[in-house]
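What's counted below: heavy atoms across the whole structure, side chains too, no hydrogens, waters or symmetry copies.
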Amino acid sequence: MERKGSGNSCPGSHIHVDNLHRIAYATDASVYRELPLGVTYPESVEDVVALIAEARRRHTHLIPRAGGTSICGQVVGSGIVCDISRHWNKILEINPAQQWARVQPGVVRDELNLALKPYGLFFSPETSTSNRCCIGGMMGNNSCGAHSLVYGSTRHHLLEAEGVLSDGSVEVFRDYTVMELEERFGKRFWNKAYGECSENKTADGRSLIERIYAQLISWALDPQTVSLINDNYPDRSLRRRSCGYAIDEVIEDISAGIAEDISERKINLCRLLCGSEGTLAFITEIKVSLDPLPSENHLVVCAHCNTLEDSLLANLVALRHNPVAVELMDGQILALSANNLEQQRNRFFIEGNPAALIIAEFEGDRMEENASAFEKDVLQLSGSSSPSSSSAAAASASAASILSVVEIAHFATTKASSFH
């Protein structure tokens, strides 16, 4: 059985309500399960506009779904699941000179990087599911990866997006100066009093997008609100911030007064949309910044620790020496790998029976210097004077107890991928 969205001119707005589709889309990579009202495969922006109208008519909501790789149930729900991976999977434009790409949200991350490789570029946020997750999902979750110390998260690379709001309006989200917004909405539009909201507009005819910008700018210019946000939001120095709506990020340039003239200050709703898990707008196009391909040579150093607590101290030591990645491997993972025939070959560098490992990766011209400095410091922390490459004897008692430090090897990027 199929039901169609409002008007039959948009084939991609057909809603499948049979049990096969509903059961298939009732879960993702998480442990959660909930039958959706229906499933649809939008093909165009017009389809999305029609689906929004249909969802409003049914008093339900849309659930944009890309690769379905989320492990927290982000695309599980009782609404209408909109699978964008089937039709919206095209790379629209690559600009090597300015180092950006424009894609549809259903493009798989690794497939984008294959297309970028001839230009010596890549989209650097990396997830463990990069061979099947989509750029739209990475935007929704503000995804990052092992090398977030260097490349940050998806939010740091999101330049521009096009999407449909809940009132059916199609908007382009990018850097706008306050002057540009005033040209569209009127002088000091954020100071105007707003009436009650109707379906699409306030009683005085103002649109949803105007109300959004007005609210954010008014917050940014109110010292009390800014102080409240700064006191309660996570530290901005954290590279992996994916909790809640990043209101502090979106108002930062205006509230900080980076430009003395308020009309020259900028606001970009992409910072807010990234990490919003598809709840604020239905994204139809994404423009991301790119990075040069990293060096093919890396150096990995592994600290073997007696306790999990010691590994946390070793992590702090590693961060002093400019690693490109630091990973913790705890005892449970190590025990599982020891009993797994496929993973036993990946244990070649493990000495003895450590409770946890801290694995620090270095690259660049100073990688050997930085790696050696890490080895020296972490062994001083444990009270040992030199690294052990052949035994796993316990280090002397001190602030931390490091069994041994092993320099795994120099290896090429292809090997690094399999190692991670």
Side-chain angles (χ1 to χ4, degrees), residues 93 95 97-103 105 123-125 135 138-140 142 144 151-165 169-192 194 206-239 241-242 244-276 279-281 283-291:
E93 185 178 2
N95 189 316
Q98 297 181 14
Q99 296 189 1
W100 56 259
R102 189 166 57 90
V103 302
F123 179 58
S124 53
I135 303 299
M138 295 182 69
M139 175 181 171
N142 189 31
C144 53
Y151 298 115
S153 65
T154 301
R155 182 179 289 124
H156 298 108
H157 297 267
L158 186 58
L159 301 175
E160 188 176 305
E162 181 183 288
V164 187
L165 296 175
S169 61
V170 181
E171 295 291 337
V172 174
F173 309 102
R174 61 172 177 82
D175 272 338
Y176 288 106
T177 63
V178 172
M179 180 186 296
E180 288 177 304
L181 295 176
E182 286 185 313
E183 289 173 355
R184 178 177 178 183
F185 303 125
K187 198 72 172 176
R188 298 298 189 265
F189 65 95
W190 57 89
N191 287 331
K192 299 174 184 176
Y194 288 85
R206 293 190 176 97
S207 64
L208 174 59
I209 190 63
E210 180 180 348
R211 299 201 308 272
I212 292 170
Y213 279 116
Q215 181 68 83
L216 290 170
I217 292 174
S218 65
W219 282 342
L221 297 177
D222 177 25
Q224 186 175 357
T225 302
V226 171
S227 177
L228 186 66
I229 290 172
N230 290 337
D231 289 346
N232 290 277
Y233 267 68
D235 191 327
R236 287 183 188 153
S237 65
L238 297 174
R239 302 291 279 175
R241 287 202 330 158
S242 301
Y245 298 118
I247 296 173
D248 60 330
E249 295 265 5
V250 76
I251 68 172
E252 180 180 15
D253 290 352
I254 292 180
S255 63
I258 292 176
E260 185 173 346
D261 184 354
I262 188 173
S263 64
E264 296 301 320
R265 299 180 192 177
K266 295 180 179 180
I267 185 169
N268 189 336
L269 295 189
C270 285
R271 297 184 186 181
L272 187 62
L273 291 167
C274 197
S276 65
T279 60
L280 300 180
I283 301 302
T284 57
E285 277 188 22
I286 302 171
K287 181 179 177 181
V288 294
S289 64
L290 309 173
D291 289 293

Could you check whether any side-chain heavy atom of [X] comes within less than 4.5 Å of a side-chain heavy atom of [Y], counting everything from C-beta outward?
X: L158; Y: I286; value: yes
X: L269; Y: Y176; value: no
X: K287; Y: R174; value: no
X: I212; Y: L280; value: no
X: F173; Y: I209; value: yes
X: I251; Y: T225; value: no
X: I254; Y: V178; value: yes
X: R188; Y: I262; value: yes

[X] and [Y]: which non-hydrogen atoms are nearest, and at how many Å?
X: C270; Y: A161; value: SG-N, 3.6 Å
X: E182; Y: W190; value: OE2-CH2, 3.5 Å
X: G152; Y: C144; value: O-CB, 3.6 Å
X: S255; Y: V226; value: CB-CG2, 3.8 Å
X: R265; Y: D253; value: CD-O, 4.0 Å
X: E264; Y: T177; value: O-CG2, 4.1 Å

[atom1] of [X] to [atom2] of [Y]: how many Å apart, nearest 0.5 Å?
X: E180; Y: D175; atom1: CD; atom2: CG; value: 9.0 Å
X: Y233; Y: L228; atom1: OH; atom2: CG; value: 9.5 Å
X: L272; Y: E249; atom1: CG; atom2: CD; value: 10.0 Å
X: Q98; Y: S289; atom1: CD; atom2: OG; value: 12.0 Å
X: W219; Y: L221; atom1: CH2; atom2: CG; value: 13.0 Å

Quick one: does any side-chain atom of [X] pair with a main-chain N or O of [Y] as donor and acceptor, under 3.5 Å?
X: N142; Y: R155; result: yes
X: H157; Y: T154; result: no
X: T284; Y: E162; result: yes
X: S169; Y: L165; result: no

Would you call R184-E171 a salt bridge at under 4.0 Å N-O?
-> yes
Residues forming a side-chain contact (heavy atoms from CB on, under 4.5 Å) with Q224, sequence neighbours excluded | D222
Where do F185 and K192 land on the side-chain contact (heavy atoms from CB on, under 4.5 Å) test, with the steps shown first?
-> CA-CA 11 Å; F185 303 125; K192 299 174 184 176; 5.8 Å; no
Chi angles and distances behind the side-chain contact (heavy atoms from CB on, under 4.5 Å) call for T279, Y245 = CA-CA 10 Å; T279 60; Y245 298 118; 2.8 Å; yes
